[in-house]
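Quick notes on the structure that follows.
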Amino acid sequence: MGADRARVTIFDTTLRDGEQSPGCSMNQQEKLRLAQQLDRLGVDVIEAGFPIASDGDFESVKAIAETVRRPIIAGLARACRPDIERAWEALKHAARPRIHVFLATSDIHLQYKLRITRDQCVAQAREAILLAKSLCDDVEFSPEDATRTDPDFLCRVLDTVVEAGATTLNIPDTVGYTVPSEFGELIAMIRRCVKGIEKVTISAHCHNDLGMAVANALAAVSAGARQVECTINGIGERAGNASMEEIVMAMRVRPDRYPYETGVESEQLFAASQMLSEITGVPVQPNKAITGRNAFAHEAGIHQDGVLKNPLTYEIMTPKSVGVPDSKLVLGKHSGRHALSIRCEQLGYTFDRRALDDVYRRFVRLADKIKHVEDHHLLELIRDTHKPTMSATPLIEPIVDATNAAVVSAPAVDAKEMAADTNPFGVPLPVQSESHHEQTQQEDYLWGV
Ligand code: KIV
Ligand code: ZN
């Protein structure tokens with residue numbers, strides 16, 4: 001990557017915020033396994049858990065801190081002594097420990113949740129950072145619900161914690177309320193107004209309640225944030241957190257818009273996504289960007305034809321670049337002859353154009369009945385096409401009349417043209433007519449359809 005590109009720190013919180021999503025809790029062994037994959041992936045910071053939350057969480061953070069040595073290992077703490085001391089106890093043997101302290105700053109949270117005044121909030125934040133700093137050099141502070149906090153008060157809190165020694169200011173959109181332009185302006189305002197900001201890293205922590213977590217995180221980076229907090233597969237509280245794979249690949253695929261680099265080995269993204277899904281038992285949504293099973297699958301015939309000729313026609317990144325074994329041509333009713341012929345070849349059958357048409361007609365009928373035509377269906381269908389009179393399976397009907405065949409076959413074989421002649425597989429052949437040349441041209445055009 002170019003030396004002119006700014007480096008963005010990838011802070012993974014799959015094991016903390018991600019684990020807070022329903023059905024995603026993990027035991028110590030599973031957390032350690034995932035932390036090792038996050039290490040292979042090249043993330044800069046692993047937030048391993050919330051040590052005060054439970055003995056299990058404490059032990060997991062401790063085990064990760066003692067075992068995973070390259071990345072920074074962070075532990076979460078509320079802005080109070082017991083939390084901070086417990087976090088340090090879990091983290092103290094890490095090669096690079098970080099204490100992450102959070103305290104809500106919005107009036108809604110101060111009045112209804114914490115029942116403290118703004119002045120009390122500032123004092124508590126200051127005390128907490130001083131304590132954390134006395135234990136650990138690397139201290140992150142998060143003003144929870146920052147995007148619904150009065151901006152002047154937010155700057156007052158941030159001035160205070162920077163003075164007390166915080167090294168990273170993380171700005172959470174806790175409730176997923178902000179939008180990219182607004183969040184970018186908030187980060188720019190913090191850069192302009194907070195005293196001592198040049199000494200610290202600004203971070204973004206975005207939730208996905210309006211489906212804008214990734215866009216908001218990228219807007220923050222464009223406005224000067226140099227750390228993003230994210231999770232594998234975008235898991236996290238409620239609608240989840242910003243998805244790491246989407247942020248990393250947006251920067252990789254669009255360096256013209258996002259000229260930043262990360263330490264992430266993007267080829268490890270798919271493996272991390274699969275491992276998380278396997279551990280939690282929560283499947284990845286099929287159309288999930290980057291890691292969903294359809295992210296590189298093509299079913300429409302025109303798309304399949306294009307991808308087979310040149311993947312750039314319908315793929316903006318290679319499957320390999322994110323660790324997906326290969327792009328998948330899904331055979332369904334929208335598939336065309338081109339994809340079908342390639343799959344037949346992969347199964348050991350090569351057909352000339354006519355023979356392929358026969359297989360294709362049956363294939364379309366079958367695909368109309370069952371959504372995805374798997375290899376075993378196709379093999380059965382090929383065998384059946386070789387012996388049309390013996391077909392007795394309920395799924396795959398032999399071609400019984402030419403009119404029907406014309407309906408399912410895109411190259412419009414007119415019923416009038418059908419003659420008693422059959423092809424080598426015993427299927428009736430269309431009579432060669434004057435329109436044959438036109439038909440061949442049309443077939444060429446419809447190759448992908
Ligand atoms: O969403 C949030 O505000 C958080 C903080 C603890 C950083 O997860
Ligand atoms: Zn969060």
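Each ligand, and each atom within it, is numbered from 1 in the order the structure gives.
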For Pro172 and Pro143, the nearest pair of non-hydrogen atoms, with its separation, is CD-O, 3.2 Å
Short N-O contact, Arg126 and Asp159, less than 4.0 angstrom
no
Looking at Glu380 and Arg362, does any basic side-chain N land under 4.0 Å from a carboxylate oxygen?
no
Given atoms NE2 of His207 and OD2 of Asp17, what angle do they subtend at the Zn ion (ligand 2), to the nearest 10 degrees?
100°
Pairs under 3.5 angstrom, nitrogen or oxygen on both sides, ligand 1 versus protein: list them out, please.
residue: ligand 1; atom: 1 (O); partner: His205; partner atom: NE2; Å: 3.2
residue: ligand 1; atom: 1 (O); partner: His207; partner atom: NE2; Å: 3.1
residue: ligand 1; atom: 3 (O); partner: Thr174; partner atom: OG1; Å: 2.6
residue: ligand 1; atom: 8 (O); partner: Arg16; partner atom: NH1; Å: 3.4
residue: ligand 1; atom: 8 (O); partner: Arg16; partner atom: NH2; Å: 3.0
residue: ligand 1; atom: 8 (O); partner: Asp17; partner atom: OD2; Å: 3.0
residue: ligand 1; atom: 8 (O); partner: His205; partner atom: NE2; Å: 3.1

Is a donor from one side chain sitting under 3.5 angstrom from an acceptor on the other, for Glu245 and Ser243?
yes
Return yes if some donor-acceptor pair links the side-chain N/O of Thr14 with the main-chain N/O of Ile232 below 3.5 Å, else return no.
yes
Mind checking ring-ring contact (aromatic ring centres under 6.0 Å, His included) for Tyr314 and listing every partner two or more places apart, or none if nothing turns up?
His303
